[in-house]
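Down below is the structure, laid out as structure tokens.
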Amino acid sequence: MPREYRTIEEVSGPLMLVKGVEGVKYNELGEIELANGERRRCKVLEINGTDAMVQLFESSAGINLSDSKVRFLGRSMELAVSGDMLARVFDGLGRPIDGGPEIIPEFRRDVNGQPMNPAARNYPQEFIQTGVSAIDGLNTLVRGQKLPIFSASGLPHANLAAQIARQAKVRGKDDQFAVVFAAVDITFEESNFFINSFKETGAIDRTVMFVNLANDPAIERIATPRMALTAAEYLAFDKGMHVLVIITDITNYADALREVSAARKEVPGRRGYPGYMYTDLASLYERAGRLKGKDGSITLIPILTMPEDDKTHPIPDLTGYITEGQIILSRELFRKGVQPPIDVLPSLSRLKDKGIGKGKTREDHANTMNQLFAAYARGKDAKELMVILGEAALTEVDKLYAKFADEFEKKYVSQGFDADRSIEETLEIGWQLLSILPRSELKRIKDEYLDMYYQG
């Protein structure tokens, strides 16, 4: 039986102090009933003896302290999960917003979840094809991996996120594949872009969407990624599906964390973010992976915009520690018209070697990947030299490398946001580009593969 209290002491912004409570727990949900019968929801942030500090989900306007009562519900935030969640759109608290019926739950799951026991984890090793050459060919995504995309304001990370969500697939198997897409603190325009993008291509049928809009309260932003991961855990470990979770934008999530922390008057850490942000981000990211004895898997692509394009900012910095690599978007490539503007040299997928090769992609993949990296790096150096000393200072081979770098950006990295390339197409384009260089320069590729694929 929920306990009711008429002991609201004070309201300060999104926070409210309730006195004389008993048996109330951290993270417990509550309901405030106003004098006119209107109800608003809240969550317990702190317990100090018999005082409970609660955070409101909605506005605190109109709450009369003496006429309002608080009811604690005895449970933390939960998500109703069921196989019917696919092809549906929910708000940041798991309520349907697509005009469809309420979900009839198979289970109700606590959204805070449980971290995976490291001893129960299986090593990520199967290839996931995203259809994006710069990822599949050079920074391969592996099932069960956490691979963030580091973007910056004004760069088209939303288009890339939608493209990966539409195109991602596990090859050569009839395994069920699903996408859980969570958008945190976005505008109506962006929300419509994502929803329409999935509906037009039919990708919505295998997608669960959680949309938290910019005018929703900060506390909902903190809940949205947890809702998405709870849905993913159900689909992966109860239903045996392979789930790709895309969360955009982690920066908005961290800013909401800072806002709530400041309201609670906690001691700030770097740049005003709470000192526990590392732990908090880890509690999200570490819910992805593969479990021994379970068929399903959760692969996570968190997307974050780096404030002031700064890789050392706390959000990308801490994310880089917890995840297995990063895909970095470049403003310079974006200005050149490269779509998607993925800067392959500083990007890294630490598990790429586990997901490529014979039986997974193709036997020449590792060799060509290394050769493309080396040739592009040398080509960029040659172009820099050309800017300083002029073209006459370059050797004939250096000129070929400079040409290679330009063609590589135009044909390999730049493919637009609608092209869905198979890994074979990506490898083929790689070989076409390598044929710009003389065979004697391709020292990182075995002779047997050169005999089979080199077109020079």
Side-chain angles (χ1 to χ4, degrees), residues 127-141 147 149-151 155-157 159-160 163-164 166-168 171 325-349 352-353 355-357 360-384 397-439 441-445 449-450 452-456:
F127 169 63
I128 290 181
Q129 181 176 294
T130 64
V132 179
S133 291
I135 297 176
D136 292 349
L138 299 173
N139 291 293
T140 314
L141 179 65
L147 186 64
I149 294 174
F150 288 5
S151 181
L155 297 186
H157 47 271
N159 304 60
L160 181 60
Q163 181 178 19
I164 293 171
R166 289 195 311 266
Q167 296 177 177
R171 288 162 46 95
Q326 67 277 332
I327 304 289
I328 295 183
L329 302 191
S330 149
R331 207 175 281 287
E332 184 193 342
L333 289 177
F334 178 61
R335 286 197 192 104
K336 284 186 189 174
V338 174
Q339 302 279 24
I342 295 174
D343 193 349
V344 298
L345 293 179
S347 296
L348 168 70
S349 167
K352 64 186 173 204
D353 298 337
I356 62 175
K360 292 179 179 175
T361 52
R362 207 168 73 183
E363 68 279 358
D364 59 317
H365 190 157
N367 279 194
T368 52
M369 175 178 73
N370 293 337
Q371 189 66 65
L372 285 167
F373 267 125
Y376 181 51
R378 184 162 166 191
K380 284 190 80 168
D381 288 346
K383 284 175 69 181
E384 281 176 26
V397 172
D398 280 341
K399 284 177 191 166
L400 287 176
Y401 274 108
K403 180 187 174 192
F404 171 88
D406 286 334
E407 292 296 306
F408 177 79
E409 286 172 7
K410 271 189 223 141
K411 292 183 179 160
Y412 194 95
V413 181
S414 191
Q415 64 179 76
F417 293 112
D418 296 314
D420 184 359
R421 292 178 180 169
S422 68
I423 186 62
E424 288 77 16
E425 286 175 70
T426 291
L427 291 169
E428 192 50 42
I429 293 165
W431 277 107
Q432 286 168 15
L433 291 167
L434 289 173
S435 65
I436 293 171
L437 302 170
R439 179 168 170 156
E441 288 292 316
L442 307 181
K443 300 186 177 80
R444 293 167 188 269
I445 302 179
Y449 303 145
L450 287 169
M452 285 166 72
Y453 299 110
Y454 181 64
Q455 301 153 12

With distance as the sole test, does Glu441 use its side chain to make a donor-acceptor pair with the main-chain N or O of Leu434 at under 3.5 Å?
-> no

Got a donor-acceptor contact below 3.5 angstrom from the Tyr453 side chain to the Trp431 backbone?
-> no

Does Ser133 offer a backbone N or O that forms a donor-acceptor pair with the side chain of Gln415 under 3.5 Å?
-> yes

Considering only NZ, NE, NH1 and NH2 on the basic side and carboxylate oxygens on the acidic side, decide whether Lys383 and Asp406 come within less than 4.0 Å.
-> yes

Mind checking side-chain contact (heavy atoms from CB on, under 4.5 Å) for Lys403 and listing every partner two or more places apart, or none if nothing turns up?
-> Glu407, Ile436

Exam field: side chain Ser414 to backbone Lys411, donor-acceptor pair closer than 3.5 Å = no

Any sub-3.5 Å donor-acceptor pair from His157's side-chain atoms to Phe150's backbone N or O?
-> no

For Asn367, enumerate each residue passing the side-chain contact (heavy atoms from CB on, under 4.5 Å) test, keeping only those at least two apart in sequence or located in another chain.
-> Ile445, Lys446, Tyr449

Return the minimal non-hydrogen interatomic distance between Leu147 and Leu348, and the atom names on each side.
-> CD1-O, 3.6 Å

So which pairs with a foot in residues 332-347 pass side chain to side chain donor-acceptor pair (under 3.5 Å), sequence neighbours left out?
-> Lys336-Glu409

Those residues that, when tested against Asn159, pass side-chain contact (heavy atoms from CB on, under 4.5 Å) (two or more places apart) = Pro156, Phe193, Phe417

d(Phe127 CZ, Ile423 CD1) to nearest 0.5 Å is 4.0 Å

pair Glu428-Glu424: side-chain heavy atoms closer than 4.5 Å = no

Atom pair CD/CG of Glu363 and Leu427 - distance to nearest 0.5 Å = 9.5 Å

Ion pair check, Lys360 and Asp353, cut-off under 4.0 Å = no

Pairing residues for Tyr376 by the ring-ring contact (aromatic ring centres under 6.0 Å, His included) criterion, not counting sequence neighbours | Phe408

Partner residues of Glu425 under the side-chain contact (heavy atoms from CB on, under 4.5 Å) criterion, sequence neighbours left out = Arg421, Ser422

Enclosure of Arg362 CZ (heavy-atom neighbours >12, cutoff 6.0 Å) | yes

Atom pair CD (Gln129) and CD1 (Ile164), whose distance is rounded to the nearest 0.5 Å = 12.5 Å

